[in-house]
Protein chains: 2
Amino acid sequence: MPSSRKLTIYDLASLAGTSASTVSAVLNGTWKKRRISKASAEAIQKIAEEAGYLHNMQARGLRKHRSGLIGMIIPLHDNRFFSSISQVFEREARARDFWPIVVSTLRDPEMEISTARTLMSYRIEYLLVTGATDPDGIGSVCDAAGVRHVNLDLPGRTAPSIISDNYQGAYDLANAVYDRIFAETGEKAPWVPFLGGRAQDHATARRIEGFSDAARDRGMPLYPEQIEARGYAPELAEATIRKLYETHGKLPSGLFINSTIAFEGVIRFFRTLPRNELHTLVVGCYDWDPFATLVDFPLIMVRQDVEKLVTGAFSLIDAGDFSAREPILVQPQLVTDLGGYDRRDA
Amino acid sequence: MPSSRKLTIYDLASLAGTSASTVSAVLNGTWKKRRISKASAEAIQKIAEEAGYLHNMQARGLRKHRSGLIGMIIPLHDNRFFSSISQVFEREARARDFWPIVVSTLRDPEMEISTARTLMSYRIEYLLVTGATDPDGIGSVCDAAGVRHVNLDLPGRTAPSIISDNYQGAYDLANAVYDRIFAETGEKAPWVPFLGGRAQDHATARRIEGFSDAARDRGMPLYPEQIEARGYAPELAEATIRKLYETHGKLPSGLFINSTIAFEGVIRFFRTLPRNELHTLVVGCYDWDPFATLVDFPLIMVRQDVEKLVTGAFSLIDAGDFSAREPILVQPQLVTDLGGYDRRDA
DNA sequence: AGCGTTAGCACAATCGATTGCGCAAAACTT
DNA sequence: AAGTTTTGCGCAATCGATTGTGCTAACGCT
């Protein structure tokens, strides 16, 4: 049972026979400025190390008005896109001597706000708002507390936003799907439903536009029931594709799937089908996952540029420039030639 | 440019015409105990809300010796297993009114220690040590600071550990792979290399034992070069499988892949092969990923019980019992009938 | 009226680190 | 030797919230 009594600079001071202010100066590196002798400094550092002293960041932060914390909220951890963002966020935060705190808010607007408030009560110095349902709601809470913030992945109007070029990505993805279907089957106006996401969200809305314009530019008609974007849950996508299959008695020629999360639901349904049913299918998926690349049908994915998204946010922080209001677009990358072993060798 | 001056209880006190201690009592809920009138309480709450007051957790934590923080270190975010753990960890922490901080340490022992130290300088109240390379090194740092901690996924000797039953999981997985190969091809003693992980790590060591015993129990010989466990990087697995392929001129009959991370590397290599090369392959993978389920060859995966692992750790915390030294085993689940559409319908 | 209770709140110390200021001794100057 | 400068460090206030203690006014009772 280790003692929970923690060492303070006062303990070190009495161990070293000096004052607490000297210890403080030595341990935070200001001792040269404060004209502490090298001998004292080294003695104190040695004692601190041997005693296993740890700074109390609460006391330090309280006094200095700087916590050293930087926060990020994300919709969920359990997803390749967002967890990659966390990974890069951590790296960039540490490179700047910040301590990263990442929390998920499950796309719940209330949770987003309350999470932001809690983070601010721990006195985070910046906040990255990633994929938030209500970026401006969070923004106003941050502004009220004077916390600088940047939106990521979904744009807001009250702070700078770094987002993927969803329109262009979706436009290119849709075209790639149509091209591939034409190459496979010769169909010129195939039935390709749009699946997943939430039509109210900016990203999904832009992707729907890109998707729709791709069809229109090819002179293809668009039907309202072609677009199913009522939510992110895998279950919704699973139910939708099942219903499509049951209604039409077969799969569509292609699918435009709006996220790997929806794709998970689609895959659950696919696993209930006999394999040959998948042979006439081409799938496009907005977002990338390494394991999806080996599926048994032609697949085209959009890989968002996580590095540029996150480092873009940090360069705004570095520059201290939070004035941008027009979203800064980052181009995603189209990844073709995935899946579909069958026809590639046939 | 919002003012960075933050509201304090003193500001609220002068707004309300009371003392700071009254404000404090009202805002932290102890006002009934302190016999503050309901009228004052409500007035102060109203003022605090309208002014957008946020608690300063640094000051509160300093005074109360409780930060309300609970930390967890994980090897990396960008992985289905660990990000699921983060997700459950967050949920459980919040359910206990703790604020979760998750950081990755990239399997670097030095980073593990320094990360633990930094977390403790923010005065986290508990630490979950997940998948650490050096759990006992972290343990001694925690003990020195009097911070209770639990090991997850990899066991230590200085604190309770909750881990998967890696031996049994690997034993079952190996047997399932052998059975499946026999069902597919009739081979009784197929060549099945073990790929990925680090042989020094406890989890990998136990899995190698399970894998080896499964072979021995079937009267199969074991060759030293059958086991390749020099690291986690996808690139290592990719190079290994490529070399195996080039040496033998074909793929092995089966693969025992020790993590989805290694599996990613294997898949990169597979994508360079013509599809029919995969037709004689059975893969077992320790760990689960939803997208891997649709690959083009028979696949058996081990799905670890993330829920039980994390909630198991929390029940130790709830009970305040940090005495256990024998690892607590959680049974993983074998997921069969994945992938391999070809032969399923053929 | 006089006394004990209770209600309602304020005072001031405290948590641990930081920092402006000041002071004594040593070193240097002329 | 007296004055000036430098060296080396300690004092005490401060950050914002919590909490043990104490004080005053109102109330109840006889």
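In the text below, chain A, chain B and the rest are named by the order of the sequence lines, each starting its count at 1.
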Got a sec, which pairs hit salt bridge (Lys or Arg N to Asp or Glu O under 4.0 Å) with one end in residues 133-142 of chain A, sequence neighbours left out? none

How would you list all residue pairs meeting salt bridge (Lys or Arg N to Asp or Glu O under 4.0 Å) that involve residues 55-74 of chain B, not counting sequence neighbours? B/R66-B/E125

Please write out each protein N/O paired with an N/O of nucleotides 24-29 of chain C under 3.5 Å, distance rounded to 0.1 Å.
none

Atom pairs under 3.5 Å, N or O on each side, protein against nucleotides 26-28 of chain D: can you list them with distances?
none

Is there a donor-acceptor pair closer than 3.5 Å between any side-chain N or O of A/R94 and the backbone N or O of A/R91? no

Please list, in numerical order, the residues of residues 53-62 of chain B that have a heavy atom closer than 4.0 Å to any atom of DNA chain C. B/L62

Pull out every protein N or O sitting under 3.5 Å from an N or O of nucleotides 8-14 of chain D, one pair per line with the distance.
from	atom 1	to	atom 2	distance (Å)
D/dG8	N7	A/R35	NE	3.1
D/dG8	N7	A/R35	NH2	2.9
D/dG8	O6	A/R35	NH2	2.9
D/dC9	OP1	A/S40	OG	2.6
D/dC9	OP2	A/S37	N	2.6
D/dC9	OP2	A/S37	OG	3.2
D/dC9	OP2	A/S40	OG	3.3
D/dG10	OP1	A/S19	N	3.3
D/dG10	OP2	A/S19	N	2.9
D/dG10	OP2	A/S19	OG	2.6
D/dG10	OP2	A/T22	OG1	2.3
D/dG10	O6	A/R34	NH1	3.2
D/dC11	N4	A/S21	OG	3.1
D/dT14	O2	A/R63	NH1	2.8

Terminal helix-axis angle for the helix from C/dA1-D/dT30 to C/dT30-D/dA1, with five pairs defining each axis and rounding to 10 degrees: 50°

Apply salt bridge (Lys or Arg N to Asp or Glu O under 4.0 Å) to B/K308 and list each qualifying residue two or more places apart in sequence or on a separate chain. B/D305

Ignoring hydrogens and angles, write down the donor-acceptor pairs under 3.5 Å from the side chains of residues 312-323 of chain A, residues two or more places apart or on other chains.
from	atom 1	to	atom 2	distance (Å)
A/S315	OG	A/T311	O	3.0
A/S315	OG	A/G312	O	3.0
A/D318	OD1	A/R96	NE	2.8
A/D318	OD2	A/R96	NE	3.2
A/D318	OD2	A/R96	NH2	2.7
A/D321	OD1	A/S323	N	3.0
A/D321	OD1	A/S323	OG	2.6

Throw together a table of side-chain donor-acceptor distances under 3.5 angstrom for residues 32-43 of chain B, partners on residues two or more places apart or in other chains.
from	atom 1	to	atom 2	distance (Å)
B/S37	OG	B/S40	N	3.1
B/S37	OG	B/S40	OG	2.8

Quick one, which residues of residues 115-127 of chain B touch DNA chain D with a heavy atom under 4.0 Å? none

List for me each residue that meets side-chain contact (heavy atoms from CB on, under 4.5 Å) alongside B/A116, sequence neighbours excluded, and say none if there are none. B/L127, B/I138

